[in-house]
Amino acid sequence: MTALQHVKLGIYYVVHLPEADDFDFWRERARALVQCEIPPDRIAWVEPSGSGDLFTHGERRMPVPSDDARQVRASKRFVSLARNAILHSEPERFALLYRLLWRLQATPRIMEDKADPDVRRVEDLAKNVRRDSHKMHAFVRFRLVENEDEDSEAGEHYVAWFEPDHHILRANAGFFMRRFANMRWSILTPRGSLHWDGETMSEGPPAERSDAPGGDPMEDLWRSYYASIFNPARLKVGAMLKEMPRKYWKNMPEAALIPELVAGAQKRESAMVEEGALEFEERPDTLATIDKAIHACRKCPIGQLDNHAVMGEGPQDAALMIVGEQPGDQEDQAGRPFVGPAGQLLDMHLEKAGIDRRGSYVTNAVKHFKYVQRGKRRLHQNPGAKEIDTCRWWIESERAIVQPKLVLAMGASAARAILGKTVSIAKVRGQPIPLEDGSELWITAHPSYLLRLEGPAREEQARLFDADLAAMRERLAELSAP
Ligand code: URA
């Protein structure tokens, strides 16, 4: 923004940040401005442009708080988020943080309001910065450079190239210093560079990719190591690309192998299945163990998609276990079963039948969301019989722990997960089916089926659904009677 634009907008104070990541400077200026009661729309925050800024006289106009100015309130949560958010490359971050600090003075609990747009934006910025740091920790690869000065006693020098999205370089200096304390190294980035000589850290100017070396013999070793630990059964391409974006691949010697290994993964996985390497191990004996295990489970193609496992929920001693098909898009994001549209319809019918959802254990036949990507949308796909059968291990484990008196299976996938075979819902619904462990299975339609219908057909199916639930509810009361 030019000086003239500032004036036209009525901005009276211009704060020039000496560094793009200088939280302490921002905090000191922000405090003084709050104490002088300067509202957010009267301040322009300017970060160093690198090209020199003509409009630098604003700093002279900084107000000075009086001795009896009131204390500035800032919760610990605000400060810790702000420290991270300020490292983001979003130019508006300083103004956003000031606005939030300003609002905090009148509404100290604002940080607890998850729906507040400023709080959410700051949380998002801080999250992006944490991710960027995480990537830097994971993907920086040092390469040995030839020592130009043969007489030098400085020892070997390792250099890494990295392209951070945000201003995270200085904030991560300590991490690399501790981890590679005994090495002489430099990290070069387009935003600046860090140099560690084993004793002191120094900073340098931005660098270019060509300033960093291309490869060294160590990389062959590293590549063979990576190929040997690569487990095709754990490969999730979508998640891998999210975690390890292609832009970092060029710095990572092992990444040269990725396309080849991914292409061969399916073949190798089938070979592993044939060799029995994918057999399940011991049956888990706590729900927490199942929860952990399903998150690591890649035993069918659904687990290879970019999704999360959704564990059943409810009391461990529930008399009723309600089983659906698989988590949908919303369940995948929330990490809880039946929270989307089908869940809301289910809740309504359960309430009508007098069944307490919170007293029941609610779970799914398949633990991961199966979908096809269409643009930005993920469209639900029915799980196949093999996928349901593979996932049966988990629902059987849940049944063994919860030991419900009744199991309500909604839809054909849920029925197959309990019985191990496909049945016709119309033929078996609304009546008890004894199970080997002494419990009873009740089968009904899936609420998503009702959602797909309209008019009289919907009404008729809703009536049948209610009738099934009512009959099961009566049986549950009988079984629970002392
Ligand atoms: N449909 C299901 O079968 N399960 C869920 O958790 C959500 C929708």
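Counting starts at 1 for both ligands and their atoms, following the listed order.
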Side-chain donor-acceptor pair present, H308, E331, cut-off under 3.5 Å: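 No pair is found: no donor N or O on one side chain lies under 3.5 Å from an acceptor on the other.
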Polar side chain donor-acceptor pair, H166 to N128, under 3.5 angstrom: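 Note: H166 and N128 side chains miss the donor-acceptor criterion.
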Contacting atoms of ligand 1, where contact means under 4.0 angstrom from a heavy atom of P337: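 Counting atoms of ligand 1 from 1, those under 4.0 Å from P337 are 6 (O).
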Sub-4.0 Å atoms of ligand 1 with respect to non-hydrogen atoms of G324: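 Atoms satisfying the 4.0 Å criterion: 3 (O).
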Pair H134 + F175: ring centers closer than 6.0 Å: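 They do not qualify: ring centres at least 6.0 Å apart.
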Residues E92, R121: salt bridge by 4.0 Å N-O rule: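 Salt bridge between E92 and R121, a charged N being under 4.0 Å from a carboxylate O: no.
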Ligand 1 contacted by H446 (non-hydrogen, < 4.0 Å):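 Within the 4.0 Å threshold, so yes.
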Polar proximity ligand 1 side, S448 side, N/O cut 3.5 Å exclusive: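 In fact, backbone or side chain, S448 has no N or O that close.
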Polar contact flag for F338 and ligand 1 (N/O pairs, less than 3.5 Å):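 Between F338 and ligand 1 (N or O atoms, distance only) the closest approach is under 3.5 Å.
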F142 and Y158 aromatic ring geometry - parallel, tilted or perpendicular at 30°/60° bounds: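 Y158 and F142: perpendicular rings.
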Ligand 1 versus E325: contacting region, heavy-atom distance under 4.0 Å: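 Answer for E325: both.
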Atom 2 (C) of ligand 1 - nearest protein heavy atom and its distance: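 Here the closest protein heavy atom is Q326 O, 3.0 Å.
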Minimum-distance protein heavy atom relative to atom 4 (N) of ligand 1: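 Minimum-distance protein heavy atom for atom 4 (N) of ligand 1 reads N364 OD1, 2.7 Å.
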Step-by-step side-chain contact (heavy atoms from CB on, under 4.5 Å) determination, F176 to L194: CA-CA 10 Å; F176 288 96; L194 287 177; 5.7 Å; no
